[in-house]
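Data first, discussion second: the structure below is written as structure tokens.
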Amino acid sequence: MIVPIELSQTQSITYDITIDSLPKLSFNRKVVVVTNPTVSSLHLKKLLEHIDATKLHIVTIPDGEKYKTLNTVETILNECFAHKLDRKSLLIAFGGGVIGDMTGFTASLYQRGIDFIQIPTTLLSQVDASVGGKTGVNTDYGKNLIGAFYQPKAVYIDPEFLKTLPKREFAAGVAEIVKMAVMFDKSYFEFLKNANLKDDRILKDAIRRSVELKAWVVNQDEKEAGIRAVLNYGHTFGHVVENETNYTTYLHGEAVAIGMVMANALAVELELFNAEDAKEVKLLLEKFELPTEYKIKNVDEFYEHFFLDKKSANNSIKFILPDGMGEYKIISDIDEVIVKKVLLEFGDTK
Ligand SMILES: NC(=O)c1ccc[n+]([C@@H]2O[C@H](COP(=O)([O-])OP(=O)(O)OC[C@H]3O[C@@H](n4cnc5c(N)ncnc54)[C@H](O)[C@@H]3O)[C@@H](O)[C@H]2O)c1
């Protein structure tokens with residue numbers, strides 16, 4: 001199963017996303033695999049059985065979002081120098097979105113850019129982060145504020161790696177799948193309602209559809225000047241939830257699930273979405289054991305937090321809302337009173 005990427009703005013960039021058992025990969029060049037101890041202890045053996053290269057080195061960096069920093073990127077760069085990588089060498093990102101984002105960014109920097117490929121091992125990275133070439137790191141000023149649009153040469157998605165993924169991490173990936181369905185594809189949403197993602201064949205189909213949709217979006221708008229922003233559905237609210245809970249209570253996908261429920265409530269208030277559909281989305285998220293409830297302690301503070309988001313351009317908040325199931329609307333000028341009225345529905349004291 002192969003999904004092609006063909007960036008319309010930069011015609012020269014095309015690559016395939018293969019969704020299947022990891023094939024044998026042979027490279028006539030030096031390769032550095034970037035991974036972390038969790039992924040390497042579970043899956044490095046399998047990876048090495050599938051790779052043949054002129055020389056191969058493994059760089060293991062600590063596991064966790066808190067290591068997604070320029071410091072870690074510098075560590076990887078230093079390893080590249082130590083192993084004398086040249087401009088023909090290749091980096092392989094082997095792990096979740098954190099590894100993928102950092103390896104891609106390192107590849108964009110080393111000697112002004114060398115090739116990299118993605119072998120994502122979490123559901124979130126298989127359906128979302130590994131596709132589309134956003135790379136980067138976090139800073140004290142916010143998440144993903146430093147980075148580059150830098151496309152991989154190929155993406156190999158092997159759902160078999162997901163067998164070892166903790167339940168919560170799996171569900172966090174499902175949130176991004178639901179996001180794609182609600183925004184772009186009503187029939188995919190219907191499919192998910194009855195889908196048993198524990199079934200290998202059904203899971204593979206779900207991954208394929210998400211990747212197709214993401215590729216379709218990125219092919220139109222690599223640099224997020226338009227439709228790519230729709231992938232932030234649920235994120236505007238979700239980021240505030242993550243921020244208010246110090247990034248410790250919820251995984252990103254869990255916060256996005258709560259964020260989608262909030263965005264839907266706003267869409268219902270604006271009569272873009274009917275209450276029945278909003279309920280269906282909530283039920284679907286709950287079916288996959290995602291959180292859908294959140295108590296906002298202070299509505300004014302919650303509202304102010306929207307402006308910390310780097311996507312809140314020119315002091316106006318860009319809301320991504322469902323406009324019927326499978327359709328979206330981007331709205332930047334919603335009256336503060338209406339937004340706060342909806343937030344109050346989630347308030348501690350209604
Ligand atoms: N570039 C993009 O377009 C994009 C899109 C969405 C998210 N992201 C980024 O992705 C990151 C989140 O990615 P994530 O959810 O994959 O988190 P992650 O990379 O931190 O992985 C989650 C956890 O699962 C572990 N893990 C990975 N594969 C495993 C496996 N097969 N079995 C068991 N454990 C495994 C990891 O070691 C980690 O502890 C964030 O930094 C986010 O900013 C990027």
Side-chain angles (χ1 to χ4, degrees), residues 5 17 22 34-47 60-69 72-73 93-105 107-108 116 118-139 142-152 155-177 179-180 203 210-211 213-215 217-218 221-224 228-235 238-239 242 247 250-257 259 290 309-311:
I5 280 264
I17 301 159
L22 188 64
V34 182
T35 188
N36 70 30
T38 314
V39 177
S40 96
S41 67
L42 292 164
H43 299 297
L44 189 61
K45 186 168 173 286
K46 167 171 168 174
L47 182 76
T60 309
I61 57 176
D63 187 3
E65 182 77 32
K66 72 171 178 205
Y67 297 104
K68 192 175 150 183
T69 60
T72 309
V73 165
F94 186 51
V98 169
I99 292 284
D101 280 12
M102 271 197 294
T103 307
F105 188 41
S108 79
F116 86 111
Q118 293 268 17
I119 305 185
T121 61
T122 62
L123 183 59
L124 186 140
S125 59
Q126 294 196 345
V127 298
D128 193 349
S130 67
V131 179
K134 270 194 187 177
T135 73
V137 293
N138 305 327
T139 76
K143 290 182 77 180
N144 299 319
L145 288 183
I146 297 177
F149 288 98
Y150 194 69
Q151 301 292 336
V155 184
Y156 294 98
I157 295 175
D158 181 349
E160 200 55 35
F161 288 125
L162 305 178
K163 292 264 158 72
T164 56
L165 201 60
K167 236 170 117 183
R168 271 184 77 192
E169 294 288 353
F170 187 88
V174 175
E176 305 286 357
I177 290 180
K179 169 188 87 177
M180 302 302 278
L203 176 62
S210 281
V211 168
L213 288 168
K214 177 128 191 212
V217 169
V218 173
D221 177 26
E222 182 193 8
K223 303 238 163 112
E224 202 170 311
R228 190 164 184 171
V230 175
L231 301 175
N232 295 318
Y233 164 53
H235 289 58
H239 284 155
E242 280 182 294
Y247 297 90
Y250 300 106
L251 297 175
H252 174 68
E254 293 174 334
V256 168
L290 283 157
D309 196 314
K310 67 173 183 289
K311 280 148 193 147

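Counting starts at 1 for both ligands and their atoms, following the listed order. None of these values were measured; they are calculated from a predicted model.
Of all the heavy atoms of His43, the ones lying under 4.0 Å from any atom of ligand 1 belong exclusively to the side chain. At a heavy-atom distance under 4.0 Å, only side-chain atoms of Leu42, from C-beta outward, approach ligand 1. If you look at Leu165 next to ligand 1, the close heavy atoms, those under 4.0 Å, come from the backbone and the side chain alike.
Residue Thr164 has at least one heavy-atom neighbour below 4.0 Å for each of these atoms of ligand 1: 30 (C), 31 (N), 32 (N), 33 (C).
Assignment of Lys143 to the shell around ligand 1 is not supported, since no heavy atom sits closer than 4.0 Å. At least one heavy atom of Glu65 sits less than 4.0 Å from an atom of ligand 1. Lys214 counts as a contact of ligand 1, since one of its heavy atoms falls under 4.0 Å from the ligand.
Judged purely by atom type and a 3.5 angstrom limit, Thr135 uses its side chain to pair as donor or acceptor with the backbone of Ala148. Side chain of Arg228 to main chain of Glu222: a donor-acceptor pair is present (N/O by atom type, distance under 3.5 Å, no hydrogens or angles).
A salt bridge links Lys134 with Glu224: the closest approach of a Lys/Arg side-chain nitrogen to an acidic carboxylate oxygen falls below 4.0 angstrom. Remark: Lys214 does not engage Glu176 in a salt bridge, criterion side-chain N to carboxylate O under 4.0 Å.
One option in Glu160, Gln118, Lys68, Met102 has a heavy atom closer to atom 43 (O) of ligand 1 than any other, and that option is Lys68.
A distance below 6.0 Å separates the ring centres of Phe161 and Phe94.
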